[in-house]
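Heads up: the structure comes next, in structure tokens.
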Number of protein chains: 2
Amino acid sequence: MADQSQPPLTRIQQKNRDLILEGALSVFSVNGFRGATIDQIADAAGLSKPNVLYYFASKDDIHKTLLTTLLDMWLAPMIRIDPDGDPLEEVMTYVRAKLEMSRRFPRESRLFAYEILQGAPHLTEILGGGLRQIVDRAATILQGWMDDGRLAPVEPRHLIFSIWALTQHYADFEVQVRAVLGPGHDPFVEAGPFLDNLYRKILGL
Amino acid sequence: MADQSQPPLTRIQQKNRDLILEGALSVFSVNGFRGATIDQIADAAGLSKPNVLYYFASKDDIHKTLLTTLLDMWLAPMIRIDPDGDPLEEVMTYVRAKLEMSRRFPRESRLFAYEILQGAPHLTEILGGGLRQIVDRAATILQGWMDDGRLAPVEPRHLIFSIWALTQHYADFEVQVRAVLGPGHDPFVEAGPFLDNLYRKILGL
DNA sequence: CGTGATCCTGACCATTTGGTCAATAAAGGA
DNA sequence: TCCTTTATTGACCAAATGGTCAGGATCACG
């Protein structure tokens, strides 16, 4: 990666780029990359189509920018796992943080879901690189706790997959979840104690 | 639903419709509905585009046919849950069947994932109707077993969500799972014992 | 205020894509 | 074999869509 120090953004640039990314997130997360049009994004951002393309080189550019920008936020909770903390409490904190992210940022969850479903054309290097390292670190910590008898032994990577699957399911498949539960239910609220109980039983000694 | 008894299909009709649906499944499951083109489907089916449209009225028609055709297969394992069986064994059988379906039919899993992500435009009535009834039945059975003290008590619908999420994750997010695990792993094989252990701990007494 | 840089847009273009149709080819039954 | 029905396709169309561009509006700064 060459260090191509960009000139600082003007106020207008900052504002409009933000508007575009915000609008694009809404559009991409509903329709996926191919289902989204620049016109929709422009509408959502309150700008004209040529103006959108004044700030981003292409639809692809917007998408890639969104993904890489949001990836850090998305992975942050896993990085915060503290090897010196209380094992069960650390895991539960991670699970709760991940569920809270699904609740507060369902669009982001769906954006990534679309990308992975598609075969992650924009994230291949990151998947095998940065993400893998982050997961490796977490898996090592978990394994250490299990080896020390402070956590019930399970395959750490699949444990992580399970946390991803269970928490993101409530964002990605929200329509289905709501349809099955019917009105008068808050899936995210109910999921809290359910997941709490689940991971206590799996990891408790 | 009006009973519009269709004339029986000729051999050619049967064969070509199957070819188209098979090709369409491959295309839709990779690119989603909007990302797929009739040309791609025609190619995958080995037919010309007008010929594809001779057998199906529109791209939408193909998609809808696929979804409704496959939905039964997809839900079949849940229907097979036997209220007179051994509780834990019934659940484990369901989990294993669902994981096996993710392994053998990842395209179908992704097809549904795309549909739900999109807000299930073609499945809204089914989600709130047929699916909900099937889940209600299963949930009632599970609840009965829990009330009888034959299964540890958990919210039955969220238990079902968890099974869907955990098993389908290996199909829908296969790229990510493989990237994290690295080469030399078979996610589905490893998931088997992991899920076995998980549900035993959650539901065992 | 003036002027250069930045910002914005209507009009336009080329390609893609869902879908049609008239005409031809292949089945199939009497 | 002949004739009706079914199957197939090349050519075509209209709409949608990603992207361009020349020129005008606005901003920032000396």
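All values reported here derive from a predicted model rather than from experimental measurement. Reminder, nothing fancy here: chain letters follow the sequence lines and each chain counts from 1.
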_Between Arg34(B) and dT17(D), is there a contact of a side-chain N or O with OP1 or OP2 at under 4.0 Å?_
yes
*Measure the distance from CG on Asp43(A) to C1' on dT9(C) and round it to the nearest whole Å.*
15 Å
_Salt bridge check, Glu190(B) against Arg157(A): does any charged N sit closer than 4.0 Å to a carboxylate O?_
no
*Within the structure, does a side-chain N or O atom of Asn51(B) lie under 4.0 Å from either OP1 or OP2 of dT9(D)?*
yes
_Separation of atom CD in Gln14(B) from atom C1' in dT6(D), rounded to whole Å_ = 16 Å
_In this structure, how many angstroms lie between the P atom of dT17(C) and the CZ atom of Phe33(B), rounded?_
13 Å
*asked:* Whether Asn16(B) contacts dT6(D) is assessed here as follows: a side-chain N or O lying under 4.0 Å from the phosphate OP1 or OP2. Is that the case?
replied: no
*Can you tell me if the side-chain N/O atoms of Thr10(A) get under 4.0 Å from OP1 or OP2 in dA28(D)?*
no
*In terms of side-chain heavy atoms of Pro50(A), which of dC21(D), dT17(D), dG19(D) is nearest?*
dC21(D)
*Once you round it to whole Å, what is the distance between C1' of dT9(C) and CD1 of Ile38(A)?*
15 Å
*So does Tyr54(A) get a side-chain nitrogen or oxygen closer than 4.0 Å to the phosphate oxygens (OP1/OP2) of dC8(C)?*
no
*Go through the side-chain N and O atoms of Ser162(B) and Tyr199(B) and say whether any donor and acceptor fall under 3.5 Å apart.*
yes
*Round to the nearest Å and state the distance from Asp60(B) atom CG to dG19(C) atom P.*
8 Å
*Roughly, in whole Å, what's the span from NZ in Lys15(B) to P in dA26(C)?*
14 Å
*Would you mind classifying the nucleic acid contact of Ala42(A) as base, sugar-phosphate or nothing, using non-hydrogen atoms under 4.0 angstrom?*
nothing
*Atom CD1 of Ile12(A) to atom C1' of dA25(D): distance rounded to whole Å?*
12 Å
*OP1 or OP2 of dT6(C) less than 4.0 angstrom from a side-chain nitrogen or oxygen of Gln13(A), does that happen here?*
no
*Mind calculating the distance between CD (Gln40(A)) and C1' (dG18(D)) to the nearest angstrom?*
13 Å
_Ring geometry between His158(A) and Phe194(B) (parallel below 30°, tilted from 30 to 60°, perpendicular above 60°)_ = tilted
*Return the orientation label for the Phe33(B) and His122(B) ring planes: parallel under 30°, perpendicular over 60°, tilted otherwise.*
perpendicular
*Relative to each other, are the rings of Trp164(A) and His169(B) parallel, tilted or perpendicular (30° and 60° limits)?*
tilted
*asked:* Would you call the rings of Phe28(B) and His63(B) parallel, tilted or perpendicular, taking 30° and 60° as the class edges?
replied: perpendicular
*asked:* Counting only side-chain heavy atoms from C-beta out, which of dG18(C), dA27(C), dT17(D) sits nearest to Thr37(A)?
replied: dT17(D)
*Tell me which nucleotide among dG19(D), dG18(D), dC27(D) gets nearest to the side chain of Leu53(A).*
dG19(D)
*Touch check for Phe56(A), heavy atoms < 4.0 angstrom, all strands: base, sugar-phosphate only, or nothing?*
nothing
*Select from Ser48(A) and Ala57(B) the residue whose nearest nucleotide in DNA chain C is closer to the 5' end of that strand.*
Ser48(A)
*Less than 3.5 Å between a donor and an acceptor, one on the side chain of Lys49(B) and one on the base of dG18(C), is that the case here?*
yes
